[in-house]
Every structure is written in C-alpha cells, then in structure tokens.
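Have a look at the structure below, then the notes.
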Amino acid sequence: MEQVSDRLARLSASATIAMNQRSKDLQSQGIDVINLSVGEPDFNSPDHVKEAAKKAIDDNYSFYAPVAGFPELRKAVVEKLKKQNDLDYSPDQIVVSCGAKHSIVNVMLAIINPGDEVLVPAPYWVSYPEQVKIADGTPVIIEAGIESNFNITPEQLEAAITSKTRAIVFSSPSNPTGSLYTKDELKALADVLAKHERVIIISDEIYEHINFTGKHESIAQFANVKDRVVLVNGVSKGYAMTGWRLGYIAAPVWIAKAVTKLQGQFTSGATAVAQIASIAALTGDHGPTQEMNVAFKRRRDLLLRHLGEIEGVKCSIPGGAFYVFPDLSHYFGKKIGDQTIENSGDLCMYLLESGHIATVPGAAFGAPDCVRISFANSDENLEEAMKRLKSALAKLS
Ligand code: PMP
Ligand code: GLU
C-alpha cells in the first residue's frame with residue numbers, strides 16, 4: 001500500500017525549492033527564465049575555502065567526524081561568536097549540522113512534545129511551520145504587516161504566549177522580508193520572553209553578514225534570556241557555501257547534548273571535508289563576504305528603484321538578506337485575456353509563464369498579498385527581470 005505517514009501527509013513541500021526546480025526545468029527546455037526564486041548567493045565559494053577543502057581530501061578527511069563537529073570547528077565558532085558578536089560560549093554549547101535548516105529541525109525535535117505551541121512571526125521562512133509540524137508541534141502565527149516593517153511588537157508577542165508555548169522561531173535579518181530588528185526592538189522582545197521561562201528562543205541569524213544597516217544584533221546578547229536562546233547560523237549565505245551543507249547552533253548545554261544525541265541516530269554529523277572548509281571560512285579572509293554585501297546592497301537599490309516606478313506596488317526597504325517582498329495585491333482581480341489573477345500564486349505563475357521571471361508567492365511565507373523577489377542574481381539579469389516585470393504587470397487590466 002502506497003501510503004505515507006500521517007506526519008508526512010500533513011507536511012507541505014518547500015515552495016522556495018519547488019519554484020527553483022520549476023524555473024530550472026523551464027531553463028533546461030531552452031526557455032530564458034530569470035530565476036529570482038531561490039535564496040542563494042550567486043557567487044562562488046571563496047578560493048581559500050576551496051583550497052582548504054582540497055587539502056582536507058588529500059589529508060584523508062574521509063572518516064566519520066565527531067557527531068557534534070570537529071573540536072577545531074566548534075572552537076572556531078566560539079571564537080567567531082566572541083569576536084564578531086561579543087557573545088561568550090564554550091565549545092560544548094556548539095553543535096554542527098548539515099545546514100542551518102537541519103540545525104533548526106534538530107532543535108525542534110529535541111524540545112517539542114505533541115501539542116506544544118511554537119510562535120512563528122509572519123512573514124516567516126517557509127520551513128519554520130513545517131519543521132514545527134515534523135516535530136508534532138503546533139505553529140502559532142503572529143502576523144506583522146508592511147506598516148510595521150514586518151516586525152512584531154512586544155504586545156503581540158505577549159498576547160500570543162500561552163501555557164503551551166514552548167518556543168519562538170524567527171530570523172533577523174529576515175527571509176522573506178529583509179527586515180531586521182534593532183537592538184532596542186530585540187530587547188523589548190527579550191523582556192517579554194524573560195517572563196516566560198518555558199519558552200526557548202530559536203534565533204536564526206543565517207543572514208548576519210548580509211546587512212546594509214551596520215552591526216548585526218543578536219537576541220542572545222540579553223542576559224535575561226541568553227540561557228534559553230538557541231542561536232542558529234552557518235556558512236551558506238555569508239560565505240556563498242549553500243551546497244556544502246553546514247550550519248551550527250550555539251545553545252544551552254542541555255539542548256546541545258540533546259541535539260547531539262539525536263544527530264547520532266540521524267546523520268552521525270556533518271561531512272568532514274565541509275567542516276574543514278568551514279573552519280577556513282570562519283577564520284579566513286572576510287574580503288569576499290564584504291564584497292558580496294556591497295553587491296547585494298547595490299542590487300537591492302536597483303530593485304527598489306524599479307519597483308518604485310510601478311503603479312500600485314508597496315515595498316519596505318530591506319535592511320539585510322537578499323530579498324525584496326513587495327505587496328502586489330493591487331494586481332489581484334485583474335485579467336489577461338480570460339485568465340484572472342486571483343492571488344499571489346496566480347501572479348507568480350503568470351510572471352513565470354508569460355514574463356519568464358521566477359519569484360515565490362507570499363502565501364508560502366504567510367503573507368498572501370506579497371511576492372518574494374531574490375536579488376541574489378547579476379545586476380544585468382535584475383535589470384532585465386525588472387523590464388519583464390513592468391511589462392507583464394502592465395498587460396493586466
Ligand atoms: N534560515 C533561513 C531564514 C534561510 O533563508 C535559509 C536558507 N536556506 C536557512 C535557514 C537554511 O540555510 P542552510 O543552507 O544553512 O540550511
Ligand atoms: N533559504 C533559501 C530560500 O528561502 C533556500 C531554499 C530553502 O532552503 O528553502 O530560498
């Protein structure tokens with residue numbers, strides 16, 4: 001009998017990965033699609049990272065690594081957190097996994113019981129609610145709109161917490177909006193969370209290095225919550241290393257231990273060569289990271305300039321990450337021929353099929369009026385994509 005488990009049946013497929021695949025399928029049929037769907041840097045991994053990995057192969061890093069990660073890598077993470085974030089951790093609080101995505105689901109599996117609620121501010125990264133469901137928890141969405149720059153308020157947070165709340169998960173800088181919380185805003189959220197001792201704070205900081213406002217701020221800096229913060233980060237975005245699959249947590253020791261136990265039955269740990277490459281990324285020259293940041297800021301401005309010229313588009317100014325998240329609901333209800341664009345899903349399909357630009361419907365991120373556009377693509381492709389967007393939207397009436 002071909003029947004998947006109830007757990008799997010409840011799960012939605014990743015919309016970001018689905019749109020990326022769809023766009024690649026069209027490209028392989030010879031259609032010139034500009035792919036602004038998936039969020040991954042369009043840069044190659046830095047040379048010193050590649051060299052370290054080649055050497056690791058020659059040095060026979062072909063055996064199982066320790067489940068929580070090589071001591072040298074965990075030490076490099078501890079030093080990074082001290083140097084860049086002024087945060088104190090010890091190596092036994094660090095667990096390395098196969099990407100930040102894996103780190104987050106590990107934590108959820110380690111702390112959530114059936115019926116536990118996990119707060120997920122919307123717009124959220126597509127995987128958060130699904131990962132909560134994998135762990136048999138219940139996602140509780142807190143909605144934040146464009147008028148609050150997509151950030152939740154302390155009052156909203158307080159109102160959402162119940163006796164069943166076990167965790168909150170959020171990203172700052174945010175996927176999909178690029179919004180970030182200031183230090184004061186994070187402090188205000190921490191002050192609410194400090195009163196609720198059962199709540200674990202999963203702080204996804206994978207876009208730390210793609211920041212156009214200056215210094216990165218982590219909620220782990222606040223002493224009244226630090227012993228309940230699980231800081232999540234990795235090398236995918238800041239070092240253009242998505243395919244290496246390496247992420248990590250910095251967490252209270254009991255969570256680090258629990259995740260290590262889980263991982264010992266799941267993956268036996270992250271790939272040895274990728275771990276050595278990640279030490280090079282964390283400890284080596286940050287020049288390539290800074291260059292990417294400059295390019296992303298220029299591209300953000302390019303998109304904002306074009307979007308500002310389009311009728312009916314509302315857009316916040318992303319402070320980080322590489323997405324813009326315009327509200328395109330002005331176009332819902334409009335027609336092309338006998339086709340009506342009812343929602344963000346219809347609009348993205350229309351933009352893909354007629355405009356040959358791949359984006360992701362806001363509905364997948366809990367914001368049905370919006371569309372996510374990634375600017376991790378060349379300036380030239382972005383210019384062309386904006387031309388196509390303008391022309392496709394102008395055809396709707
Ligand atoms: N968190 C957010 C907010 C992301 O956008 C991504 C992108 N995939 C991840 C986590 C996962 O990153 P990784 O490639 O390290 O699994
Ligand atoms: N985080 C990226 C995105 O949102 C990569 C795809 C994924 O892991 O979902 O597009």
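Atoms within each ligand, like the ligands themselves, are counted from 1 in listed order. These figures come from a predicted structure and were not determined experimentally. One is the number of the first residue; the rest follow in order along the sequence.
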Polar side chain donor-acceptor pair, N224 to D191, under 3.5 angstrom: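 There is such a pair between these side chains.
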
field: Short side-chain donor-acceptor distance under 3.5 Å, N106 and S97
entry: yes

Could you list each nitrogen or oxygen of ligand 2 that sits under 3.5 Å from a protein nitrogen or oxygen, with the atom names and the distance?
{"unit_1": "ligand 2", "atom_1": "1 (N)", "unit_2": "K237", "atom_2": "NZ", "d": "3.2"}
{"unit_1": "ligand 2", "atom_1": "4 (O)", "unit_2": "W125", "atom_2": "NE1", "d": "3.2"}
{"unit_1": "ligand 2", "atom_1": "4 (O)", "unit_2": "N175", "atom_2": "ND2", "d": "2.9"}
{"unit_1": "ligand 2", "atom_1": "4 (O)", "unit_2": "R372", "atom_2": "NH1", "d": "2.9"}
{"unit_1": "ligand 2", "atom_1": "8 (O)", "unit_2": "K101", "atom_2": "NZ", "d": "3.0"}
{"unit_1": "ligand 2", "atom_1": "9 (O)", "unit_2": "T16", "atom_2": "OG1", "d": "2.7"}
{"unit_1": "ligand 2", "atom_1": "10 (O)", "unit_2": "G39", "atom_2": "N", "d": "2.7"}
{"unit_1": "ligand 2", "atom_1": "10 (O)", "unit_2": "R372", "atom_2": "NH2", "d": "2.8"}

query: In terms of ring plane angle, is the pair F322 and F296 parallel, tilted or perpendicular, where the classes change at 30° and 60°?
result: tilted

- prompt: Shared ILVMFWY cluster between L157 and V229, side chains joined below 4.5 angstrom?
  reply: yes

- request: Examine V120 and L109 and state if one hydrophobic cluster contains both, with Ile, Leu, Val, Met, Phe, Trp and Tyr joined whenever side-chain heavy atoms are less than 4.5 Å apart.
  value: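 No, V120 does not connect to L109 through the hydrophobic network.
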
- prompt: How is the hydrophobic cluster of V253 composed, in terms of its other members, when Ile, Leu, Val, Met, Phe, Trp and Tyr link through side-chain heavy atoms under 4.5 Å apart, directly or indirectly?
  reply: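 Joined to V253, directly or through intermediates: none.
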
- request: Examine K55 relative to Y61 and say whether NZ or CZ is less than 6.0 Å from the centre of the six-membered ring and inside a 45° cone about the ring axis.
  value: no

Between ligand 1 and the protein, tabulate every N or O atom pair separated by less than 3.5 Å, reporting distance only.
{"unit_1": "ligand 1", "atom_1": "1 (N)", "unit_2": "D204", "atom_2": "OD2", "d": "2.5"}
{"unit_1": "ligand 1", "atom_1": "5 (O)", "unit_2": "N175", "atom_2": "ND2", "d": "2.7"}
{"unit_1": "ligand 1", "atom_1": "5 (O)", "unit_2": "Y207", "atom_2": "OH", "d": "2.6"}
{"unit_1": "ligand 1", "atom_1": "8 (N)", "unit_2": "K237", "atom_2": "NZ", "d": "3.3"}
{"unit_1": "ligand 1", "atom_1": "14 (O)", "unit_2": "S236", "atom_2": "OG", "d": "2.7"}
{"unit_1": "ligand 1", "atom_1": "14 (O)", "unit_2": "R245", "atom_2": "NH1", "d": "2.8"}
{"unit_1": "ligand 1", "atom_1": "15 (O)", "unit_2": "A100", "atom_2": "N", "d": "2.7"}
{"unit_1": "ligand 1", "atom_1": "15 (O)", "unit_2": "S236", "atom_2": "OG", "d": "3.1"}
{"unit_1": "ligand 1", "atom_1": "16 (O)", "unit_2": "A100", "atom_2": "N", "d": "3.1"}
{"unit_1": "ligand 1", "atom_1": "16 (O)", "unit_2": "K101", "atom_2": "N", "d": "3.0"}
{"unit_1": "ligand 1", "atom_1": "16 (O)", "unit_2": "R245", "atom_2": "NH2", "d": "2.8"}

- request: Hey, could you give me each pair passing ring-ring contact (aromatic ring centres under 6.0 Å, His included) that has a residue in residues 342-385? Not counting sequence neighbours.
  value: F325-F365

query: Under the salt bridge (Lys or Arg N to Asp or Glu O under 4.0 Å) criterion, do D88 and K82 qualify, and how do the steps go?
result: CA-CA 6 Å; D88 289 308; K82 183 67 197 165; 3.2 Å; yes

